[in-house]
Structure formats: C-alpha cells, structure tokens
Amino acid sequence: MQLPYCEPYKIKMTEPIRNSTRAEREGWIRDAKYNLFKLHGDQVLIDLLTDSGTGSMSDGQWSALMRGDESYAGARSYYRLKEAIERIFGMPYFLPTHQGRAAENVIFSAMIKEGDILPGNSHFDTTKGHIEFRRAVALDCTIDDAAKTDLEIPFKGEIDVTKLEAAFKKYPKEKIPCCILTVTNNTAGGQPVSMKNIRETAEMCRKYGIPLLLDSARFAQNAYFIKTREKGYENKTIKEIVHEMYTYADIMTISAKKDGVVNMGGFVAMRSEELFRKASQFNIMFEGYLTYGGMSGRDMEALAVGLDENTEFDQLDARIRQVKFLGDLLEEYGIPCQRPSGGHAIFLDAKRILPNLPKEQFIAQTLGIELYLEAGIRGVEIGSILADRDPETRENRYPALELLRLAIPARVYTDNHMRVIAAACKNVFDRRETITSGYKITYEVPIMRHFTIELDKM
Ligand SMILES: *Cc1c(COP(=O)(O)O)cnc(C)c1O
C-alpha cells in the first residue's frame with residue numbers, strides 16, 4: 001500500500017481555541033460594526049483573516065531569537081540577515097523595516113512624486129495606498145484572464161506585457177519611477193507569475209529604462225509554483241528559482257510576515273547604491289537606524305532562519321497541499337472559488353455565491369459575515385470595500401471580482417480544521433437563497449478604509 005502524505009514536522013506547542021454560540025457571535029459582530037477586523041481574537045474559532053504574521057515559527061526560529069544581538073548599531077543579527085538576503089536574493093543593499101508597508105513607505109518616499117504612474121499586476125492594498133497617498137497612480141496591467149474565476153490556468157497572476165508597453169509608450173519615462181510586479185499576485189487570488197513573465201517584464205522595463213520592483217511577500221510560494229508548473233524548472237531547487245527570479249529585479253520590497261514566517265518584519269533591498277543612500281534617510285526618519293530599521297535584533301535572527309527554512313520545497317509543499325485540500329473540498333461541495341487554489345488562501349467567488357445581492361450592498365463582506373455567524377470562522381473581504389473610493393470622483397470602486405479570502409496561516413491549523421471550514425462554507429452556500437440583503441457604510445476613512453470601516457444592516 002502506498003503511504004499517504006504527512007507533514008514534514010511535528011507539533012511542540014499548542015494554543016487553545018474556543019467555540020461560541022450563534023447568539024454570542026451575533027452580538028459580537030454587531031458590536032464590531034460588522035467589520036471582521038474589529039472582532040476580538042477570542043471571538044473567533046478559526047482565524048483566516050490573514051496568514052500575515054500569524055504563522056507558527058519553527059524550533060530553529062524560536063532558538064534563533066535567543067541569539068538576537070540588540071546593539072543599536074551594527075548588530076550581529078543585522079549582518080546575519082544581510083548575509084541571508086545576499087545569498088538568497090542576490091541583492092547587495094537592504095534596509096530592515098517593521099513590515100511590508102513600511103518598506104513601501106521608505107522606498108516610495110525616495111522614488112515617487114505627485115502625478116507619477118506605477119504600472120503593475122493588481123497592486124496590493126497597502127502598495128496602492130502608499131502610491132495614491134502620494135497622489136500618484138497605480139495602473140493595473142494584470143492579464144484579463146485573472147478575473148475569470150473558473151478558468152484554470154497555471155499562472156493567473158501575470159502582468160500583461162502588452163498593456164505594460166502601452167503604458168510605457170503613453171507616459172514619459174520621468175513619470176514612471178518603476179514597474180511593480182507582485183509575486184504571487186495576492187489581489188488576484190494568490191495566483192503566481194511565471195519566470196517567463198518575470199523575464200519578459202524585466203526586458204520590457206529595460207527597453208524603456210524603467211526599474212523593476214518585485215513586491216515579494218509570497219516569493220517562495222511563487223517559486224514553488226514555477227517549479228511545479230513551468231517547464232524547465234522541475235529539477236531546480238526553490239533557492240535556485242528564487243535566485244533567478246531576483247536576477248531580473250532592481251528593487252524588492254517584502255513583508256517578511258508571509259513567506260518569512262515571522263510575526264513581524266520586512267525589508268526593502270536594491271542593487272543601486274545611489275537609491276540605497278537616498279532611501280536610507282527615510283529609513284532613519286520613519287523606521288530606525290540603518291541596521292535595525294523597525295526590527296529587534298532577535299526578530300532579524302528569526303527572519304534569517306525563516307528565509308532559509310521556507311525556501312525549502314518540503315515546507316512549501318506542506319503549506320500549499322493544505323490550501324489545496326480545502327480548495328478540493330469546496331469544489332466537491334460545488335462552491336464557486338477562484339481556481340486553481342492559490343498558495344496561501346482560498347478565495348470564494350462571492351458574486352457567484354450570492355448572485356441576487358446588489359454590489360452596492362457589499363457582496364463579499366456580506367458573505368464574510370455569514371461565514372462568521374455560521375461557525376466563528378473569520379475571513380476577509382477582497383472586494384469593493386477594499387477597493388476604496390476613486391481618488392478623483394470619490395465614487396465607490398467596484399472591482400471585477402468580489403472575493404472572500406480564507407487565508408491559511410502556515411503550520412497553525414490541521415486538516416480537521418479545513419474540514420470544519422469547508423462544512424461551514426457549505427452550510428452558508430446551502431442557505432444562499434435566504435441571504436437577500438447586505439450592508440451599508442456608516443463610517444469610513446479616505447484610504448485603506450477596510451481596516452476601520454463601520455457598517456450596518458441595510
Ligand atoms: C502583505 C503584503 C504587503 C504589505 O505588508 P505588511 O507586512 O502587511 O505591511 C505588501 N504587498 C503584498 C503583496 C503583501 O502580501
């Protein structure tokens with residue numbers, strides 16, 4: 001008999017979670033103004049809000065914490081992280097920051113001015129926020145196929161190089177500080193970008209003299225998908241693939257809270273010494289001295305170990321298999337999802353699950369609230385609330401996709417939790433006809449409103 005798959009680790013520590021009644025959840029979500037971010041962690045049974053900073057560190061990382069050198073300047077831990085970044089990404093300069101958006105803040109302060117255009121593949125919300133905050137434009141050049149949820153293609157997160165070239169032709173070079181390629185494409189459903197697409201994007205950028213920035217939160221998962229889906233890479237190691245990906249990049253920003261599997265941290269790295277010097281002053285202003293940025297020495301230690309461990313095939317394989325396990329259960333139950341399953345999350349296609357709900361009543365948010373009421377499971381809306389208002393017209397933006405993201409934290413939940421999630425989704429799906437009204441906004445801020453928005457029933 002062939003042995004089934006098992007995870008390449010065992011569990012050393014557990015953390016209790018608590019179930020609740022539907023009546024309790026109804027009260028809690030009302031008190032949270034129907035914003036899932038405002039729920040207390042203890043009011044949630046299975047927390048799929050994000051996999052960012054919520055993964056479970058390895059014993060190697062926990063012991064690395066003890067080695068942390070907390071020197072203000074020149075800490076040993078900084079040099080250990082610097083060595084890992086140079087070796088893994090081939091980037092000679094880096095600045096530590098407290099997380100991904102801080103890296104964006106630092107580098108964009110050095111690069112972006114009002115009126116600039118930043119083409120890319122579905123910019124992440126914080127990235128778009130930092131661009132629009134500077135009165136610049138995040139120009140979406142994602143392939144059209146990304147919006148077709150039931151289309152199964154291997155690299156659904158790619159940039160459309162033709163759209164990119166059109167942007168390069170339309171706007172003068174001085175107005176385009178860089179092109180941003182996000183790997184994997186989070187906003188389009190955790191979908192990967194092929195090496196071919198990275199290479200062609202880099203060639204196009206070079207042709208027009210525009211730097212290429214890789215937004216790298218899920219770089220290791222992207223490399224896993226290249227290995228398992230792109231011809232010519234099946235026999236390469238994840239580290240070899242990562243190394244090649246970054247030979248095409250001039251700059252990288254990263255939230256280390258995802259594929260780095262640490263609770264906090266990030267950095268920006270680059271090839272240009274001139275840009276490094278320019279960005280350094282903003283790092284000192286916003287984050288901290290050059291050799292710690294927003295991170296403690298111990299956090300840099302744990303990240304150095306995390307970057308190494310999580311660019312190994314087995315760790316990625318375990319993670320992505322679990323996401324696929326959930327995706328396959330949902331498919332079996334006939335629940336519409338973004339196909340194929342992404343690397344870190346499942347994205348329920350809320351428009352197809354609740355076709356009778358008008359978009360003005362926030363379809364994916366409504367689905368998220370229903371799933372919480374059903375079983376205490378917390379996902380997150382990736383739809384029109386997240387899309388914010390148009391900065392010019394102040395009208396709500398309604399993206400092509402209304403998704404409810406169920407992000408699976410690394411090494412935190414077991415397959416039994418996945419079974420509970422799938423069953424809860426099925427129960428909501430089975431009563432979808434009864435879900436006929438959504439929510440209206442009672443309070444919001446102009447940028448990244450989803451974190452603090454308040455809603456009420458229609
Ligand atoms: C998470 C993420 C960010 C922002 O990182 P934070 O650590 O949350 O600030 C930026 N880009 C992408 C693609 C991300 O996934």
Side-chain angles (χ1 to χ4, degrees), residues 37 48-55 94-109 112 118-133 138 140-142 146 156-159 178-193 198 212-223 225 245-246 249 251-269 283 286-287 293-295 299-300 302-303 306-307 310 319 323 342-345 347 380-382 386 388 403 405-410 447-448 450-452:
F37 283 97
L48 311 179
L49 183 73
T50 178
D51 61 328
S52 178
T54 56
F94 96 103
L95 293 163
T97 62
H98 77 275
Q99 58 184 86
R101 70 199 67 185
E104 291 165 355
N105 188 30
V106 166
I107 196 69
F108 290 169
S109 294
I112 300 182
L118 290 101
N121 56 336
S122 327
H123 308 66
F124 188 69
D125 59 342
T126 61
T127 318
K128 186 155 64 74
H130 272 294
I131 292 169
E132 293 180 350
F133 177 72
D140 188 6
C141 298
T142 312
K156 217 173 168 179
E158 295 190 331
I159 200 164
C178 66
C179 165
I180 301 177
L181 191 61
T182 305
V183 293
T184 61
N185 185 332
N186 194 340
T187 310
Q191 297 293 328
V193 176
I198 300 175
L212 177 60
L213 183 154
L214 290 192
D215 183 354
S216 308
R218 303 177 199 285
F219 74 99
Q221 296 187 356
N222 200 87
F225 286 122
M245 282 165 61
Y246 284 86
I251 307 159
M252 67 180 288
T253 51
I254 184 169
S255 168
K257 299 165 68 174
K258 280 76 169 253
D259 282 1
V261 196
V262 289
N263 301 121
M264 193 53 72
F267 59 85
V268 49
N283 210 57
F286 296 139
E287 292 294 300
M295 298 175 77
D299 290 339
M300 291 191 282
L303 175 56
L307 286 175
N310 296 295
R319 174 98 201 276
V323 175
H344 67 289
F347 296 74
V380 73
E381 190 246 26
I382 309 276
L386 181 72
D388 277 332
L403 301 171
R405 185 184 76 179
L406 307 178
I408 313 298
I447 292 183
M448 287 188 252
H450 54 291
F451 291 118
T452 52

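Both counts, for ligands and for their atoms, begin at 1 and track the order of listing. Keep in mind the model is a prediction, meaning the values are calculated, not measured. These numbers come from the heavy atoms of this one structure, side chains and all, not from hydrogens, waters or symmetry mates. Count residues from 1 along the sequence.
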Thr182 heavy atoms, cut-off 4.0 Å: which ligand 1 atoms fall inside? 13 (C)
Is Lys258 positioned over the aromatic face of Phe124, cation under 6.0 angstrom from the ring centre and no more than 45 degrees off axis? yes
Considering non-hydrogen atoms of the protein only, which is the closest contact for atom 14 (C) of ligand 1, and what is the distance? Lys258 NZ, 2.8 Å
Residue pairs fulfilling side-chain hydrogen bond (donor to acceptor under 3.5 Å, both in side chains) with at least one residue in residues 94-109, sequence neighbours excluded: His98-Glu287, Glu104-Thr126, Glu104-Thr127, Asn105-Arg134, Ser109-Arg134
List the steps and the verdict of side-chain hydrogen bond (donor to acceptor under 3.5 Å, both in side chains) for Ser122 and Asn185. CA-CA 7 Å; Ser122 327; Asn185 185 332; 3.2 Å; yes
Side-chain donor or acceptor of Asp215 paired with backbone N/O of Thr182 under 3.5 Å: no
Counting each atom of ligand 1 from 1 as listed, which ones have a heavy atom of Asn186 under 4.0 Å away? 15 (O)
Interfacing atoms of ligand 1 (cut-off 4.0 Å, heavy-atom, Glu104): 10 (C), 11 (N)
Indicate, as side chain, backbone, both or neither, the part of Arg101 found under 4.0 angstrom from ligand 1 when only non-hydrogen atoms are considered. both
Using modelled atom types and a 3.5 Å cut-off, is there a donor and acceptor pairing between side-chain atoms of Arg319 and backbone atoms of Ile408? yes
Side chain of Asn310, backbone of Gly306: donor and acceptor closer than 3.5 Å? yes
Nearest non-hydrogen protein atom to atom 4 (C) of ligand 1, with distance, is Thr126 OG1, 3.4 Å
Taking atom 7 (O) of ligand 1 as the reference point, the nearest protein heavy atom with its distance: Ser255 OG, 2.6 Å
Is the shortest N/O to N/O distance between Gly100 and ligand 1 below 3.5 Å? yes
Closer than 3.5 angstrom, by distance alone: can the side chain of Asn222 be matched with the main-chain N or O of Val183 as a donor-acceptor pair? no
Considering the heavy atoms of Lys257, write down every atom of ligand 1 situated less than 4.0 Å from one of them. 7 (O)
Closest to atom 11 (N) of ligand 1 among protein heavy atoms sits Asp215 OD2, 2.8 Å
